[in-house]
Amino acid sequence: MPELPEVETTCRGIAPHTEGQRIQRLVVHDRRLRWPVPAGLEERVKGQDILRVERRAKYLLMRLPGQTLLWHLGMSGSLRLCSPDEPRRTHDHVELQLASGQVLRYHDPRRFGCLLVFDGEDLAHPLLEGLGPEPLGPDFDGDVLFRLSRGRKAPVKVFLMDASVVVGVGNIYANEALFRAGIRPDRPAGRISRERYLGLALAVREILAAAIRQGGSTLRDFVNGQGEPGYFQQTLAVYGRGGQACTGCGAALVESRLGQRSTVYCKYCQR
DNA sequence: CCCAAGACCTGGCGGC
DNA sequence: TGCCGCCAGGTCTTGG
């Protein structure tokens with residue numbers, strides 16, 4: 001599923017076609033997402049204008065007057081603009097019919113995503129509380145990682161994927177950033193120097209920025225708001241390459257599991 | 001507070 | 001070809 005670059009790509013893809021649009025109708029074909037789509041949401045948003053579309057962590061926020069739609073794409077979700085006569089596919093659970101005539105469809109086979117709503121235009125929802133800084137924003141740097149990691153025995157990869165530390169670093173990019181920074185994923189977070197965390201923070205920013213530039217990774221059938229695939233997958237150095245040659249030294253990359261997630265690294269280039 | 005494991009759900013793949 | 005077990009981008013919840 002979508003990691004942060006995929007969500008950002010979706011956000012940028014749909015914003016020009018949704019911002020300023022009036023919602024003619026919201027149709028929910030299946031309310032059974034991670035949490036049920038709130039009862040009565042259809043009536044609640046009917047005729048409302050979409051003022052702005054934003055991203056916070058891996059959430060998409062659709063600002064309406066006085067309320068906000070909160071989407072998450074889970075592991076397998078996507079949002080795509082369609083023409084209304086395009087037939088609905090299996091797992092197209094929600095559709096937003098816009099005044100332009102276009103339709104925004106939410107597709108999610110595994111139904112780990114969600115569509116929720118809250119009053120106001122701030123971040124007043126429990127899911128958005130306690131989130132760490134945006135990795136590409138001004139509040140994230142190696143000092144943050146260093147300070148929060150003191151005393152923690154969890155593997156640095158698990159620590160880096162903790163959304164209360166920094167948001168948006170999922171399994172793919174955690175693997176990639178640690179490779180780029182030359183840090184072994186299983187090293188205890190509390191036993192890494194400030195200097196090395198400066199390098200890790202830089203690596204996280206560079207990896208995510210590069211992935212966004214290239215339109216997100218293509219995983220299974222990830223598509224952006226226009227239904228086009230991303231191109232970052234060809235750039236991945238370690239994720240999905242267990243047993244293959246390290247791009248740095250040529251040794252076979254090691255694949256293991258940390259926190260029940262597949263982890264790939266080079267035992268020579270990462271210490 | 002910290003950490004590990006379980007939970008949610010469908011589809012695709014490899015192996016037999 | 002068919003069935004079975006395992007794996008997958010996330011993250012909340014529970015229990016120690």
Side-chain angles (χ1 to χ4, degrees), chain A residues 1-11 29-37 55-60 70-79 89-94 106-116 125-132 135 147-177 185-191 204 207-208 211-212 214-224 229-236 238-243 255-264:
Chain A
M1 142 359 137
E3 293 211 25
L4 183 141
E6 288 74 15
V7 180
E8 178 67 22
T9 299
T10 299
C11 185
H29 300 288
D30 193 341
R31 311 194 90 82
R32 300 172 304 161
L33 302 185
R34 173 155 194 184
W35 297 281
V37 177
R55 179 189 60 75
R56 168 71 174 118
K58 292 173 189 164
Y59 294 96
L60 274 171
L70 178 65
W71 304 80
H72 196 289
L73 305 181
M75 291 274 259
S76 57
S78 60
L79 276 170
R89 298 172 298 167
T90 312
H91 306 306
D92 281 351
H93 304 309
V94 179
Y106 176 71
H107 178 85
D108 186 3
R110 291 175 75 180
R111 289 190 279 115
F112 283 0
C114 64
L115 169 58
L116 299 170
H125 192 280
L127 292 172
L128 303 174
E129 282 172 14
L131 289 177
R147 275 186 281 111
L148 292 177
S149 63
R150 291 311 89 184
R152 295 182 61 160
K153 293 180 179 166
V156 60
K157 175 163 174 270
V158 173
F159 170 73
L160 187 61
M161 292 174 67
D162 179 344
S164 67
V165 173
V166 57
V167 301
V169 184
N171 196 37
I172 297 178
Y173 299 110
N175 278 298
E176 295 300 314
D186 57 357
R187 180 172 289 277
R191 305 196 44 210
V204 166
I207 289 282
L208 292 177
I212 290 170
Q214 297 176 57
S217 302
T218 296
L219 283 163
R220 301 259 190 295
D221 61 347
F222 169 76
V223 290
N224 64 19
Y231 295 95
F232 192 69
Q233 192 173 36
Q234 348 178 1
T235 314
L236 298 177
V238 288
Y239 181 81
R241 298 195 62 242
E255 179 145 18
S256 66
R257 294 191 80 76
L258 281 179
Q260 296 136 284
R261 311 303 296 278
S262 139
T263 302
V264 187

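- With sequence neighbours excluded, the residues that form a salt bridge (Lys or Arg N to Asp or Glu O under 4.0 Å) with A:R152 are A:D162.
- Residue A:H72 places its side chain closer to C:dT11 than to any other of C:dA8, B:dT10, C:dT11.
- Every residue two or more places apart in sequence or in another chain that forms a side chain to side chain contact (heavy atoms under 4.5 Å, CB included) with A:R257 is listed here: A:S262.
- In this structure, the OH atom of A:Y173 is 15 Å from the C1' atom of C:dA8, given to the nearest Å.
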Margin query: Can you give me the dot-bracket string for DNA chain B, 5' to 3', counting Watson-Crick and G-U wobble pairs with both distances under 3.5 Å, using [ ] for crossing pairs and | for partners on another strand?
Written below: .|||||||.|||||||
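- Distances shorter than 4.0 Å separate none of the side-chain N or O atoms of A:R261 from OP1 or OP2 on C:dA8.
- In this structure, A:L70 atom CG and C:dT11 atom P are separated by 12 Å, rounded to whole Å.
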What's touching nucleotides 12-16 of chain C from the protein side, N or O pairs under 3.5 Å?
from   : atom 1 : to    : atom 2 : distance (Å)
C:dC12 : OP1    : A:Y59 : OH     : 3.0
C:dC12 : O4'    : A:R34 : NH2    : 2.6

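- A straight line from CG of A:L33 to P of B:dC9 spans 11 Å, rounded to a whole angstrom.
- Taking atom CZ on A:F159 and atom P on C:dT11, their separation rounds to 17 Å, with Å as the unit.
- Taking the ring-ring contact (aromatic ring centres under 6.0 Å, His included) definition, one finds that A:Y59 meets it with A:H72, sequence neighbours left out.
- Applying the side-chain hydrogen bond (donor to acceptor under 3.5 Å, both in side chains) rule to A:R241 yields the partners A:Q244; only residues at least two apart in sequence or on another chain are considered.
- The separation between A:K157 atom NZ and C:dG10 atom C1' is 13 Å, rounded to whole Å.
- Take A:F159 and apply the ring-ring contact (aromatic ring centres under 6.0 Å, His included) test, not counting sequence neighbours, and it matches no residue.
- Scored by the side chain to side chain contact (heavy atoms under 4.5 Å, CB included) test, A:H91 finds A:H93, A:H107, A:P109 as partners (sequence neighbours excluded).
- Residues forming a salt bridge (Lys or Arg N to Asp or Glu O under 4.0 Å) with A:R32 (at least two apart in sequence, or on another chain): A:D30.
- In this structure, A:S262 reaches the C:dA8 phosphate: one of its side-chain N or O atoms is under 4.0 Å from OP1 or OP2.
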Can you check nucleotides 2-5 of chain B for protein contacts, nitrogen or oxygen pairs under 3.5 Å, and list what you find?
from  : atom 1 : to     : atom 2 : distance (Å)
B:dC3 : OP1    : A:K153 : N      : 2.6
B:dC3 : OP1    : A:A154 : N      : 3.0
B:dC3 : OP2    : A:R152 : NE     : 2.9
B:dC3 : OP2    : A:R152 : NH2    : 3.3

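- Evaluation of the salt bridge (Lys or Arg N to Asp or Glu O under 4.0 Å) rule for A:R261 yields no partner, not counting sequence neighbours.
- Using modelled atom types and a 3.5 Å distance limit, the side chains of A:T263 and A:E255 yield no donor-acceptor pair.
- Close to C:dA8, at under 4.0 Å from its OP1 or OP2, lies a side-chain N or O of A:R257.
- Under the rule for a side-chain hydrogen bond (donor to acceptor under 3.5 Å, both in side chains), A:R187 has no partner lying at least two apart in sequence or in another chain.
- Here the side chain of A:P109 is nearest to one of C:dA8, B:dG11, B:dC9, namely B:dG11.
- Side-chain nitrogen and oxygen atoms of A:R110 include none within less than 4.0 Å of the OP1 or OP2 phosphate oxygen of C:dA8.
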